[in-house]
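All remarks here apply to the structure that follows.
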Amino acid sequence: MSLEDQLKKKYGEIHINDQPDENIWINADAATPFVGDNYGAIGLPKVLVYGSAENLTYANNLTLSATRNRDFFEEGPQGADQFFPRVHITPITDGSLLTAARYLLEIFKKDGFSAEPKGFLQQIAVSNYGKFSLKGKKNSDYASKPKLLKASHQYVLADLEVLKPDVVILPRSIYQHSFNGLLKNENLSRPNT
């Protein structure tokens with residue numbers, strides 16, 4: 001069973017006691033991470049890159065699958081005109097988050113990763129830390145709001161359990177307001193962050 005299939009199964013087993021308030025959140029399944037075909041290849045650390053939060057403000061009454069990151073990647077366009085690979089996470093598709101992650105790995109001497117965006121994406125896993133999108137005409141960033149981030153904790157724990165990353169790259173505000181506390185509260189081994 002692939003890591004993405006394991007994540008999909010694990011996500012399907014999650015029952016949150018405090019379901020996200022339907023008046024606050026767009027009702028869509030949490031998207032499982034995109035896991036590259038060469039994630040954790042011999043000699044490479046397992047790297048999980050988190051964006052901030054999903055933005056589905058455009059998606060009124062649109063049903064999106066839990067595997068939308070993989071679906072978007074598979075459905076293209078992935079041709080020569082698409083320099084950065086396409087997943088359902090804008091900072092990956094526009095290249096900003098991939099570029100930042102690749103740069104950080106270089107700085108911290110994590111060698112062996114592809115310099116080509118498509119090859120690099122196949123060596124890592126990517127997801128949004130905030131698994132749900134806020135309702136409204138404008139999706140505001142809730143990266144520094146622990147109460148809102150808490151709705152995603154069980155999914156983040158599933159990511160860590162299944163992917164077992166050596167390195168996690170995520171926004172500083174999420175690290176400070178959620179991830180660091182989650183690691184302490186759950187007594188988890190600490191990946192490099």
Side-chain angles (χ1 to χ4, degrees), residues 1-11 30-54 66-80 82-131 143 152-153 155-176 178-180 182-184 186-193:
M1 182 182 290
S2 74
L3 290 173
E4 285 180 7
D5 287 339
Q6 291 176 48
L7 284 162
K8 184 179 176 186
K9 182 177 187 274
K10 195 84 170 157
Y11 276 33
T32 56
F34 174 91
V35 182
D37 293 339
N38 298 317
Y39 177 79
I42 296 172
L44 292 177
K46 295 178 185 172
V47 177
L48 172 59
V49 178
Y50 278 121
S52 181
E54 192 163 58
T67 57
R68 57 188 162 271
N69 290 318
R70 172 60 64 179
D71 296 345
F72 273 54
F73 178 81
E74 297 293 336
E75 292 168 7
Q78 302 296 336
Q82 183 75 23
F83 184 71
F84 289 104
R86 182 176 179 258
V87 296
H88 197 259
I89 302 170
T90 300
I92 297 297
T93 300
D94 74 13
S96 58
L97 192 53
L98 277 184
T99 302
R102 183 67 181 81
Y103 177 70
L104 289 170
L105 290 168
E106 190 75 23
I107 285 176
F108 290 103
K109 308 262 189 258
K110 304 294 184 188
D111 299 324
F113 288 98
S114 175
E116 189 264 329
K118 292 173 187 158
F120 179 55
L121 182 64
Q122 290 290 2
Q123 296 171 320
I124 63 174
V126 296
S127 188
N128 279 310
Y129 189 93
K131 304 293 184 178
S152 300
H153 280 180
Y155 297 97
V156 171
L157 289 172
D159 294 348
L160 297 175
E161 180 183 332
V162 172
L163 297 174
K164 298 176 180 31
D166 301 308
V167 176
V168 177
I169 298 173
L170 70 163
R172 180 181 175 151
S173 57
I174 290 176
Y175 176 81
Q176 292 175 325
S178 183
F179 190 70
N180 189 39
L182 183 66
L183 292 177
K184 287 179 184 175
E186 296 294 327
N187 198 23
L188 296 171
S189 62
R190 183 173 293 275
N192 291 321
T193 53

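No experiment lies behind these values; they were computed from the predicted model shown.
Under the side-chain contact (heavy atoms from CB on, under 4.5 Å) rule, E54 has a single partner from T90, I89, N128, which is N128.
Rounded to the nearest 0.5 angstrom, R86 CZ and I92 CD1 are separated by 14.0 Å. Distance check: Q123 CD to E116 CD gives 9.5 Å after rounding to the nearest 0.5 Å. Taking CG from N69 and CG from L7, the interatomic distance works out to 11.0 Å, rounded to the nearest 0.5 Å. Distance check: I174 CD1 to L182 CG gives 12.0 Å after rounding to the nearest 0.5 Å. Rounded to the nearest 0.5 Å, atoms NZ (K131) and OH (Y155) are 9.5 Å apart.
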Could you go through the side chain to side chain contact (heavy atoms under 4.5 Å, CB included) check for H153 and F179 one step at a time? CA-CA 9 Å; H153 280 180; F179 190 70; over 6 Å; no
Tell me, with the steps shown, if E4 and K8 meet salt bridge (Lys or Arg N to Asp or Glu O under 4.0 Å). CA-CA 6 Å; E4 285 180 7; K8 184 179 176 186; over 6 Å; no
Please report the C-alpha distance between V167 and K110 in whole Å, then the side-chain angles of each, then the deciding distance to 0.1 Å, and finally whether the side chain to side chain contact (heavy atoms under 4.5 Å, CB included) criterion is met. CA-CA 10 Å; V167 176; K110 304 294 184 188; 4.1 Å; yes
Could you walk me through whether L48 and D159 satisfy the side chain to side chain contact (heavy atoms under 4.5 Å, CB included) test, starting with their C-alpha distance in whole Å, then the side-chain angles of each, then the deciding distance to 0.1 Å, before giving a yes or no? CA-CA 9 Å; L48 172 59; D159 294 348; 4.3 Å; yes
Stepwise, does the side chain to side chain contact (heavy atoms under 4.5 Å, CB included) test hold for T93 with F72? CA-CA 10 Å; T93 300; F72 273 54; over 6 Å; no
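N180 places no side-chain N or O within donor-acceptor distance of the main-chain N or O of Y175, the cut-off being under 3.5 Å. Between the side chain of K164 and the backbone N or O of E161 there is at least one donor-acceptor pair closer than 3.5 Å.
When side chains are defined from C-beta on, Y129 counts as touching S178, because their heavy atoms get closer than 4.5 Å. Side-chain contact check for L98 versus L121: some heavy-atom pair is nearer than 4.5 Å. At least one side-chain heavy atom of L160 sits under 4.5 Å from a side-chain heavy atom of L183.
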For residues 32-43, run the donor-acceptor check on the side chains, cut-off 3.5 Å, and write out each pair with its distance to 0.1 Å, sequence neighbours left out.
residue: T32; atom: OG1; partner: A66; partner atom: O; Å: 3.1
residue: Y39; atom: OH; partner: L163; partner atom: O; Å: 3.0

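Heavy-atom minimum distance, F83 versus P117: CE2-CG, 3.5 Å. The minimum heavy-atom distance linking A101 with V49 is given by the pair CB-CG2, 3.8 Å. Contact detail for M1 and Q6: the closest heavy-atom pair is O-NE2, 3.1 Å. Residues P85 and F73 come closest through the heavy atom pair CB-CE1, 4.0 Å.
The closest side-chain donor-acceptor pair between T67 and D71 falls under 3.5 angstrom. Side-chain contact, K118 with S114: no donor N or O sits under 3.5 Å from an acceptor N or O.
Scanning for side-chain contact (heavy atoms from CB on, under 4.5 Å) contacts around T99 gives F84, with sequence neighbours left out.
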